[in-house]
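Chain letters run A, B, ... following the sequence lines, proteins first, then strands; residues in each count from 1.
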Number of protein chains: 2
Amino acid sequence: MMEGLVQHDTPLTLKHNLDRMRGMYGDSEVVTLTDDGVKRATYAEVGDRSDRLCRALEGLGVEQGDRVATFCWNHQEHLELYMAVPCMGAVLHTINIRLFAEQITYIANHAQDKVLFVDDNLVSKVEEVLDSFETIEHFVVIGDGDTGSLPNAVRYEDLLAEQEPGYDYPDLDDHTAAGLAYTSGTTGNPKGVLYSHKSQVLHSLVGISADVFGLRTVDRVLPIVPMFHVNAWGLPYAATISGADLIMPGRFLQAEPLAKLIESERVTVSGAVPTVWLDILRYIDENEADLSSLRDVVCGGAAVPVHLMQSLEERHGIRMTQAWGMTETSPIASLARPPEGTEGDEHWRYRATAGRIAPMIEARIMTEEDGEAPWDGETTGELEVRGPYVASRYYEDPSGDEKFHEGWLRTGDIAAIDPQGFIRITDRTKDVIKSGGEWISSLDLEGELITHSDVLEVAVIAKPDERWSERPLACVVLEEGASASAEDLRDHLSERVVKWWVPDEYAFIDEVPKTATGKFDKKVLRQRLDEDELGERVKVGGDKEKASA
Amino acid sequence: MMEGLVQHDTPLTLKHNLDRMRGMYGDSEVVTLTDDGVKRATYAEVGDRSDRLCRALEGLGVEQGDRVATFCWNHQEHLELYMAVPCMGAVLHTINIRLFAEQITYIANHAQDKVLFVDDNLVSKVEEVLDSFETIEHFVVIGDGDTGSLPNAVRYEDLLAEQEPGYDYPDLDDHTAAGLAYTSGTTGNPKGVLYSHKSQVLHSLVGISADVFGLRTVDRVLPIVPMFHVNAWGLPYAATISGADLIMPGRFLQAEPLAKLIESERVTVSGAVPTVWLDILRYIDENEADLSSLRDVVCGGAAVPVHLMQSLEERHGIRMTQAWGMTETSPIASLARPPEGTEGDEHWRYRATAGRIAPMIEARIMTEEDGEAPWDGETTGELEVRGPYVASRYYEDPSGDEKFHEGWLRTGDIAAIDPQGFIRITDRTKDVIKSGGEWISSLDLEGELITHSDVLEVAVIAKPDERWSERPLACVVLEEGASASAEDLRDHLSERVVKWWVPDEYAFIDEVPKTATGKFDKKVLRQRLDEDELGERVKVGGDKEKASA
């Protein structure tokens, strides 16, 4: 092999992000919404405080490779932990504060966390599981509130104040572990994804690429998606490498404070799950709010309703872009930016997809029968991805090895890819409905049902059926005071999907059960169906014949 | 070390760019301006032709690591060579067609090129040096024109037509050499920079980042900068990874065809040296042309006159951005996008710099006396850079080793870096003027003199001086019919720079001698000064006292 003569031994580490942040972008700022209004710090200050934080961690006995956990909202101190912990050679473990108690216990012990940083307003949640922690030696509380019963709790500001300024950062190999995040699967134990410095840096480079987040120094970025959820989609690291300002919402994730924050801080880019923006839409429909500074709202974590995107764009001039990814993909794997010149229905068909495959990512569709499927936009199968920031396996958990084969990650999503690289996800492998030998997409049915004005939430699951093996059952939550009948819903669907897809049974329920990350928990619905506890169920006629064709 | 569990073994190779280009961006296009109007091909077609090209190269005996040379303008076939040659494992050597005959001979033999691809309209230039080639076994002529005396010349289209479709690309290590470009230094032999797949891919990722070229799928990119000049600044590879269209000017590099091409093809981004845009400015000042599709014109290769940027922006609404780099830096190392909210003089001071340090690049200023200088915007010294797409040494030429030390590249530029990471280049190390122990910036003097309406070109060189050791001598080319005197020029400068910088001698010359790449060749001017052959020289009084302070 003839080797290129470039500086191949330059490690791609987050130290590069830290150096840019505190150096050339030292005037950029992180703004945090707190109980007492907004708090501001320059990136130069964050850099200096990160130095002190590294010294403090050393003082607490943290060594290279040790896991340092956070149990925090999005704020300046969390950003300092994002920079300091990996740059000193330790591993940042961001615990999802919305997990169930037993899951928190499991992952803290599985990760063998040594130190836990916790927000004062979350102390009580930690106290609930305090006795179950096996490895945590130190608790550091961020904020002035009560430290509760946490043993030997230290305050974050006291810890930093004690330290000398400056820190001598180690030279790290770029394969070194930098961050750890657990997936909150609905089956089995949570599984840890262990990011490296190289994967985080490459992901931040992809994040600033123009067709992804396209962050620029002049941007002001509001990560509503939590920093305890797949690195807030990489927005903090993308901001630090590009000098974009970060606007942190703290614990104020309701529509009103978010809308006011966007308005007062002139936010240009935001990232959040659909639920948050459904709330913001409702708020700005009813209240005066100037959100004209926004140039792009990236939305993901669940299928984004087209009517949400359309309402934001048509009524408020706000552009929303759907993105897709997983904890295992760092997470950005695709973004739905339609090709030039598309209009009307065609335009919205692209916008409704999971998006076009991101740089550095490769994707393929694997069918059970024929192997790799063509990119025809129609053939569905399991979506598989690979790339330099995709997980290669889970942290100390061989039970997850089946997710990886031939160097590819099996995403568990059923999808088709069109000739232009747009991914259309039709289902989760475990949620798929197989009727008369053919697949029915529960996501498509849900997408159509939600457009009915009486429907607030809907989840479609498979119901065992003697003749067809499975048939779709629509579990529907109606808007308050609404009165749509099963026949109304059937008729609504009949105009929109092929006849044999239309469910012949509807369950009217009070609420769709959700997982810790707010996703619909169909496992619980299926369980209730088994136990015949699924609210009021109504059967209506239907033409299922095509399913046998 | 605790290693991250990500797909670290994913090679970053140009095959990724090729796959994206021909696959998801198969509908994007490359448009080439030819003698017979514009020629179009989709990226899917380019991909298919690249397959055939790989087969053809194998047929010609090209093996992995072999050098394949091009002697071509910017066009579709050159793009095919950009994709096929590295992806089959060979090394693309882009020869600068403007080099002097003896330089072409030197680099073709030094690189041991095996095949040479040449445009029909450049055959005669190759014929001049044909007898001096020691290693070239095959000549492939692009176009229908005369193949001249090239031995056993094959036509490009015939070669492709003979091949079967498809090609089985090898799996390459990403350190594998991908491209070779020689610097055209004004001293010593040209030196080869050997890019790897990894460096090209990282450079293309940086190229699509929003504050660099920010290429998007919807962009239409016109690389006026030649593909034989540092990979056309990486624009082709950035376009292929992002799906942006490429608009290729062929050999039509004059203002009129370029302006018409921008207008008819709705070009959004372009890259070129200042000279080209000075011509285009003159053309659009005098002719109707709608260049409103342009959102960014990146300019570099020589200091960009501020009046050029201002004239384009004020009179035509065209935004020009100055960039800086070298063959050794792939080349993008900095871009001058001013911080938010800067206006007036402050704004233009930023725009006039070499720019802010690009992602993946680190920079420092090294002074002779005190080592690394602070980023105060004032302390000047030699600019050094490093990063994963910066050369580590020259290809088989230890005589260039002095350019590399402590893992850094010595750029040969004298510069200061300000606290925000903007690089201000004041001189070349070899052009610097040292007067009374202080440095005088020849670039600054040139920048001020060129704003005089009578001055067409100017180069300031050092003149030996008994008392001050050196004094600046301004070599001036006046506009046709202009009559500014040495006193006029001195008075013009006196209002703009400190007194002791003002040259007390002016040489009126017919033309500034230029290197093969169009840069001012001060070495020739100094030589003429030594030999007392420097046109009409006029001495005027001046106050040099501060120089002794």
Side-chain angles (χ1 to χ4, degrees), chain A residues 1-8 10 12 16 19-20 23-27 64-65 91 173 175-178 193-199 202 205-206 208-211 214-218 241-242 337 339-340 356-357 359-360 362 375 386-395 407 419-421, chain B residues 1-8 10 12 16 19-20 23-27 64-65 91 173 175-178 193-199 202 205-206 208-211 214-218 241-242 337 339-340 356-357 359-360 362 375 386-395 407 419-421:
Chain A
M1 173 181 120
M2 183 171 189
E3 194 159 341
L5 299 171
V6 281
Q7 299 175 9
H8 285 136
T10 309
L12 307 185
H16 184 67
D19 287 345
R20 289 177 76 81
M24 55 195 284
Y25 301 130
D27 292 340
Q64 291 195 14
V91 180
D173 182 296
H175 289 202
T176 305
V193 177
L194 194 60
Y195 310 106
S196 70
H197 280 264
K198 184 178 172 185
S199 74
L202 286 176
L205 259 188
V206 167
I208 63 173
S209 71
D211 266 335
L215 296 196
R216 305 184 51 185
T217 311
V218 297
I241 204 172
S242 65
R337 304 206 185 273
E340 207 188 357
R356 212 168 195 175
I357 302 160
M360 299 290 100
E362 291 176 79
W375 287 17
R386 68 177 179 187
Y389 57 75
V390 174
S392 57
R393 59 191 162 92
Y394 293 114
Y395 177 59
Q420 295 169 306
Chain B
M1 172 181 120
M2 182 171 189
E3 197 161 337
L5 298 172
V6 281
Q7 299 176 6
H8 285 135
T10 309
L12 307 184
H16 184 66
D19 287 345
R20 289 177 75 82
M24 55 196 282
Y25 302 128
D27 293 339
Q64 291 196 13
V91 180
D173 182 296
H175 288 200
T176 305
V193 177
L194 193 60
Y195 310 106
S196 70
H197 279 263
K198 183 178 173 186
S199 73
L202 285 176
L205 259 189
V206 168
I208 63 174
S209 70
D211 265 335
L215 296 195
R216 306 185 51 186
T217 312
V218 297
I241 203 172
S242 65
R337 303 209 186 273
E340 208 189 355
R356 212 167 193 174
I357 302 159
M360 298 292 102
E362 291 176 79
W375 287 18
R386 67 178 180 187
Y389 57 74
V390 175
S392 56
R393 60 190 161 92
Y394 293 114
Y395 176 60
Q420 295 170 306

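Contact tally against chain B (heavy-atom pairs below 4.5 Å) for A:T176, A:V91, A:I241: the top residue is A:T176. Contact count against chain A (heavy-atom pairs under 4.5 Å) is highest for B:S209 among B:S209, B:S242, B:G23, B:G421. Ranking B:Y389, B:W375, B:Y25 against chain A, the residue ahead of the rest is B:Y25, based on heavy-atom pairs under 4.5 Å. Chain B forms more heavy-atom pairs under 4.5 Å with one residue of A:E340, A:E362, A:H175, A:M360 than with any other, namely A:H175. Ranked by heavy-atom pairs shorter than 4.5 Å toward chain B, the options A:R356, A:R393, A:R386 are led by A:R356. The candidate with the highest count of non-hydrogen atom pairs below 4.5 Å against chain B, out of A:M2, A:H197, A:M1, A:Q7, is A:Q7.
Inter-residue side-chain proximity for A:L12 and B:P388 is flagged as met; some heavy-atom pair is nearer than 4.5 Å. In this structure, the side chains of B:L202 and A:L202 come closer than 4.5 Å at one or more pairs of heavy atoms. Looking at A:L5 and B:Y394, their side chains never come closer than 4.5 Å, going by heavy atoms from C-beta outward.
Of the atoms belonging to B:I208, heavy atoms from both backbone and side chain fall under 4.5 Å from chain A. Neither the backbone nor the side chain of B:V193 comes within contact range of chain A; no heavy atom of the residue lies under 4.5 Å from a heavy atom of that chain. If you measure heavy-atom distances from A:P419 to chain B, the contacts under 4.5 Å come from the backbone alone. Both the backbone and the side chain of A:A391 come within contact range of chain B, each with at least one heavy atom under 4.5 Å from a heavy atom of that chain. When heavy atoms are compared at a cutoff of 4.5 Å, B:I357 approaches chain A by way of both its backbone and its side chain. For A:R20, the part lying under 4.5 angstrom from a heavy atom of chain B is the side chain only.
Taking each heavy atom of A:L205 and B:P359 in turn, the nearest pair found is CD2-CB, 4.1 Å. Minimum heavy-atom separation, A:A210 to B:G214: CB-O, 3.2 Å. Closest non-hydrogen pair, A:L194 versus B:E3, comes out as CD2-O, 3.4 Å.
A side-chain donor from one of A:H8 and B:S196 sits under 3.5 Å from a side-chain acceptor of the other.
A:R337 meets the side chain to side chain contact (heavy atoms under 4.5 Å, CB included) test with A:D211, A:D296, A:T321, A:L335, B:R216; sequence neighbours excluded. Partners of A:D27 according to the side chain to side chain donor-acceptor pair (under 3.5 Å) rule, which considers only residues two or more places apart in sequence or in another chain, are B:Q420.
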